[in-house]
Amino acid sequence: MTTAASALKAPAAGSWSSRLMFVAAAAGSAVGLGNIWKFPYIVGENGGGAFVLVYLGCLALLGLPILIAEIMIGRRGGDRPSTAFLAAARAAGLSGRWRLVGALGATTSLLVLSFYAVITGWVLLYGFDYAALAIGQGSEVLDSEAHFSRLTGDARAQVFALLIVASAAFAFSARNAAGGVEAIMRWMGPAFAVLLFLLAAYTALAHPAPFDVVRYLLAPDFAALKPAAFGEAVGHAFFTLSIGLCGMVVYGAYLDSNASVPTLALAVATIDTIVSMLCAFIVFGVAFATGADPAQGPGLIFVILPRAFSAMPFGHVVGAAFFAAAFMAAFTSVIALAIIVSRAIEETFGATTRVASAITALATLSGGTVVIGSVSGAAPIRLFGAPLLDALDAITSSVLLPVSGILIAVFAARALAAEIRGLPFGRALLFCLRWVAPLALCGVAASRLL
Ligand code: PFF
């Protein structure tokens with residue numbers, strides 16, 4: 001790195017206490033609503049096994065190389081998104097305009113945060129309901145559709161939950177970045193893993209035909225695959241690995257320079273994939289047991305699962321465990337998103353971490369309240385003909401994330417070419433970043449037009 005570029009590297013506020021902690025933190029960011037809420041329902045909408053195969057291909061050929069690239073950009077350029085790109089660009093003699101990729105990632109993060117925190121709030125409210133039922137309080141969810149409509153129609157309850165989510169996230173994002181994330185991952189990581197395995201074991205034992213669920217997830221039926229599924233798989237591969245938003249740039253900045261980035265990235269992607277598959281197994285296992293249609297769309301975990309929880313033995317306890325696990329996964333991702341936005345505010349306005357985190361929390365509350373206004377019908381806003389929440393989800397996952405992911409790939413292939421070539425499978429990685437990623441974007445654009 002040149003002296004000028006070294007001077008540009010933002011002072012990273014601390015580093016991970018161990019490489020395992022980096023893997024835990026990055027997995028905490030990666031595993032979230034994308035695995036629990038979204039993966040099962042898009043698999044259901046796209047016909048099961050064939051979509052899973054396409055998705056795994058996207059993870060291997062696009063997701064993993066870009067994950068490695070993001071971590072390397074952060075390690076070289078620091079934890080502030082635009083500054084990191086600027087430093088890496090200057091060091092490689094490239095245009096300073098590449099810093100706009102960092103700005104795009106941070107702006108997209110804020111958009112994601114404004115609906116992601118709202119859905120995290122729904123999970124929290126469902127968790128409260130089931131915890132109450134599990135200890136014999138509250139009233140049974142008799143009509144799960146009506147229950148979900150009541151919740152999404154209740155703006156006050158949603159704002160209350162959003163307030164809890166935003167202020168709790170502030171408590172962790174306002175601390176020295178590595179420190180705050182480590183503090184929460186130390187206990188939430190193991191607690192989440194235990195709950196997930198218990199739920200999977202329960203599903204396997206209580207389900208009359210668990211292999212039917214496995215077959216649905218693994219046996220490909222390519223006839224069920226629509227062209228748009230390819231774009232959905234690419235967008236989701238980016239979303240689930242937290243790439244394209246510079247989340248891994250920030251976490252990569254706290255990594256020591258001798259760590260093997262491909263090994264750590266592979267560990268993160270493997271954990272994320274195992275969690276997605278287990279979540280899909282649990283969700284479809286529970287749904288199939290009650291004869292539900294897997295292609296239910298976004299209401300799958302909020303409508304179909306509660307119906308099943310009411311019908312199964314120990315359903316309230318299983319429901320409480322499910323929503324507790326979902327909340328933990330979502331909350332650690334909210335923290336990661338909040339940290340990206342804070343770092344961008346720090347670099348843009350010279351704010352301290354605390355002030356930047358407070359501004360991020362307020363922005364999340366404001367954006368989230370607008371989304372809640374739209375969801376509840378209090379102030380129904382539509383964007384490109386769709387309800388605001390759906391539109392934000394579609395624009396970020398299907399457009400902004402793939403575009404910034406591909407820009408990151410092209411940038412890394414130019415700015416970090418020598419370093420990447422020296423890695424294990426370096427040439428293959430460079431090939432994926434340089435050729436496969438841009439071609440895939442063209443494929444996605446074409447599939448949208450079909
Ligand atoms: N990976 C998260 C999920 O699958 O829910 C979403 C996310 C979190 C994206 C943090 C980006 C990020 F920086």
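All ligand and atom numbering here is 1-based and tracks the order in the structure. Sequence positions, counted from 1, serve as the residue numbers for this chain.
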Side chain Thr332, main chain Gly28, donor-acceptor under 3.5 Å: yes
Short question: side chain of Asn46, backbone of Ile42 - any donor-acceptor pair under 3.5 Å? yes
Tyr126 and Trp122 aromatic centres sub-6.0 Å: no
When you compare the side chains of [X] and [Y], does any donor N or O come within less than 3.5 Å of an acceptor on the partner?
X	Y	answer
Glu182	Trp16	no
Ser173	Ser342	no
Gln158	Ser376	no
Lys38	Ser397	yes

Does Tyr116 approach ligand 1 within less than 4.0 angstrom via side chain, backbone, both or neither, non-hydrogen atoms only? side chain
Nearest-neighbour protein heavy atom for atom 11 (C) of ligand 1, which is reported as residue plus atom name and distance: Leu245 CD1, 3.1 Å
Considering heavy atoms of the protein only, find what lies nearest to atom 7 (C) of ligand 1 and give residue, atom and distance to 0.1 Å. Ser242 OG, 3.6 Å
Is Ser109 in contact with ligand 1, taking contact as a heavy-atom separation below 4.0 Å? no
Proximal atoms of ligand 1 relative to [X] (non-hydrogen, under 4.0 Å):
X	result
Gly34	3 (C), 4 (O), 5 (O)
Asn35	4 (O)
Ile340	13 (F)
Leu337	8 (C), 10 (C), 11 (C), 12 (C), 13 (F)
Leu33	5 (O)
Ala30	1 (N), 2 (C), 3 (C), 4 (O)

Side chain or backbone, does Ser333 bring an N or O within less than 3.5 Å of an N or O on ligand 1? no
Ligand 1 to Leu241 polar contact by distance, N or O atoms, under 3.5 Å: no
Taking the side chain as C-beta and beyond, is there a heavy-atom pair between Ile73 and Ile408 under 4.5 Å? yes
